[in-house]
Amino acid sequence: MIKLLLNGLYPCPDIVAEVMMDEGGQAKSVLDLGSGSGAWCLDVAKQFPHAQVIGVNITPNSQKTHSHNCRFETWDINQGLSPFYGQFDLVHMRFVHSLVDHHTSTLKAIRCLKPGGLILFLKAGPEVTEDRTTLIPAASSRMPDQSWYQRFWAC
Ligand SMILES: C[S@@+](CC[C@H](N)C(=O)[O-])C[C@H]1O[C@@H](n2cnc3c(N)ncnc32)[C@H](O)[C@@H]1O
């Protein structure tokens with residue numbers, strides 16, 4: 001579903017292509033923070049077979065699929081990211097909401113980049129719209145006919 005919405009694995013494919021462009025045989029490296037199922041890592045590893053992709057998640061990865069250029073590490077982002085500093089051309093962080101301090105974690109994620117690297121943050125918004133522009137208000141006891149889904153996200 002996300003791939004359909006993004007029309008691919010990430011937004012701004014032109015910028016990603018530029019960052020991932022082969023520069024004289026030096027392998028590019030990709031870090032996915034909060035990699036979840038690992039599906040994104042495996043897709044990116046397939047798309048860039050000469051790159052090394054690492055997925056990091058607080059729980060061990062249970063992917064049955066293996067790839068020569070993709071591995072997973074179990075790590076709590078709240079512990080900091082110093083083991084990953086300065087090593088990646090592309091850092092990806094999608095829908096990782098449950099961090100103790102999002103701002104600090106974001107700054108640490110940026111420090112995982114090599115000079116000239118690119119970081120992609122994707123956050124899901126709670127907005128529920130009727131026609132993609134008109135926001136449906138959150139339901140309440142006074143407005144029970146509005147969106148309970150919106151209310152859930154607001155809470
Ligand atoms: C909503 S899922 C998103 C998964 C994936 N990024 C995606 O977009 O499909 C959030 C993921 O972040 C992981 N996560 C949450 N807190 C974390 C933390 N402190 N350190 C590492 N991973 C964490 C969860 O285990 C989960 O796999």
Side-chain angles (χ1 to χ4, degrees), residues 1-21 27-129 132-133 135-139 147-155:
M1 187 183 78
I2 299 165
K3 278 199 266 188
L4 283 174
L5 283 168
L6 291 176
N7 198 23
L9 292 174
Y10 32 72
C12 56
D14 296 350
I15 305 172
V16 172
E18 207 173 300
V19 167
M20 295 299 288
M21 201 156 39
K28 295 287 177 166
S29 47
V30 180
L31 177 67
D32 186 25
L33 293 169
S35 49
S37 72
W40 188 89
C41 293
L42 289 165
D43 281 345
V44 169
K46 201 170 174 183
Q47 189 171 70
F48 300 102
H50 301 299
Q52 288 298 323
V53 182
I54 300 179
V56 167
N57 206 74
I58 196 166
T59 51
N61 186 273
S62 54
Q63 268 290 342
K64 301 274 184 293
T65 313
H66 295 281
S67 162
H68 73 281
N69 62 331
C70 179
R71 67 184 164 86
F72 295 98
E73 292 191 12
T74 306
W75 183 263
D76 178 0
I77 298 168
N78 291 319
Q79 302 298 312
L81 290 168
S82 55
F84 307 101
Y85 280 177
Q87 298 170 44
F88 297 91
D89 298 285
L90 179 64
V91 173
H92 177 258
M93 203 169 173
R94 187 175 75 181
F95 307 156
V96 186
H97 305 286
S98 52
L99 300 173
V100 170
D101 178 350
H102 218 280
H103 181 69
T104 305
S105 298
T106 302
L107 295 177
K108 288 177 178 169
I110 291 168
R111 291 185 69 180
C112 297
L113 292 170
K114 290 179 190 167
L118 173 71
I119 187 154
L120 297 174
F121 291 104
L122 282 88
K123 286 181 77 183
E127 286 84 19
V128 180
T129 59
R132 293 195 173 201
T133 49
L135 203 63
I136 304 176
S147 170
W148 289 97
Y149 184 73
Q150 185 94 298
R151 169 74 179 271
F152 167 81
W153 280 108
C155 288

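Every number for a ligand or one of its atoms is a count from 1 in the order of the listing. For clarity, every value in this text was computed on a predicted model and none was experimentally measured.
In this structure a side-chain-to-backbone donor-acceptor pair under 3.5 Å is missing from N57 to G38. A donor-acceptor distance shorter than 3.5 angstrom exists from the side chain of S29 to the backbone of Q87, with no hydrogens or angles considered. In this structure, H92 contributes its side chain and S35 its backbone to no donor-acceptor pair below 3.5 Å.
Nearest-residue assignment for atom 18 (C) of ligand 1 (options D76, T59, T74, L81; heavy-atom criterion): D76.
By the 4.0 Å heavy-atom criterion, W40 is excluded from the residues contacting ligand 1.
Scanning all protein heavy atoms for the shortest distance to atom 14 (N) of ligand 1 gives I58 CG2, 4.0 Å. Of the protein's heavy atoms, S98 OG, 3.0 Å lies nearest to atom 15 (C) of ligand 1. Of all protein heavy atoms, the one closest to atom 13 (C) of ligand 1 is N57 OD1, 3.2 Å. In this structure, the protein non-hydrogen atom closest to atom 8 (O) of ligand 1 is R94 NE, 2.6 Å. For atom 2 (S) of ligand 1, the closest non-hydrogen atom on the protein side is F95 O, 3.8 Å.
Residue H103 places its NE2 atom among 12 or fewer non-hydrogen atoms of other residues, nucleotides or ligands, all under 6.0 Å distant.
Among pairs with a residue in residues 1-11, those fulfilling side-chain hydrogen bond (donor to acceptor under 3.5 Å, both in side chains) read K3-D43, Y10-Q47, at least two apart in sequence or across chains.
Which parts of ligand 1 touch I77 is read off a 4.0 Å heavy-atom cut-off, strictly below it: atoms 18 (C), 19 (N), 20 (N), 21 (C). For ligand 1, the atoms lying closer than 4.0 Å to a non-hydrogen atom of N78 are 19 (N).
Residue L99 has no N or O atom closer than 3.5 Å to an N or O atom of ligand 1. The distance criterion of under 3.5 Å between nitrogen or oxygen atoms is met by G34 with respect to ligand 1.
Counting heavy atoms under 4.0 Å from ligand 1, residue W75 touches it through the backbone alone.
Ring geometry, W75 versus F84: the interplanar angle exceeds 60°, so the pair is classed perpendicular (tilted spans 30 to 60°).
Residues satisfying the salt bridge (Lys or Arg N to Asp or Glu O under 4.0 Å) criterion with K114, sequence neighbours excluded, are D89.
The minimum heavy-atom distance between L81 and S105, with the atom names listed, is CD1-O, 4.2 Å.
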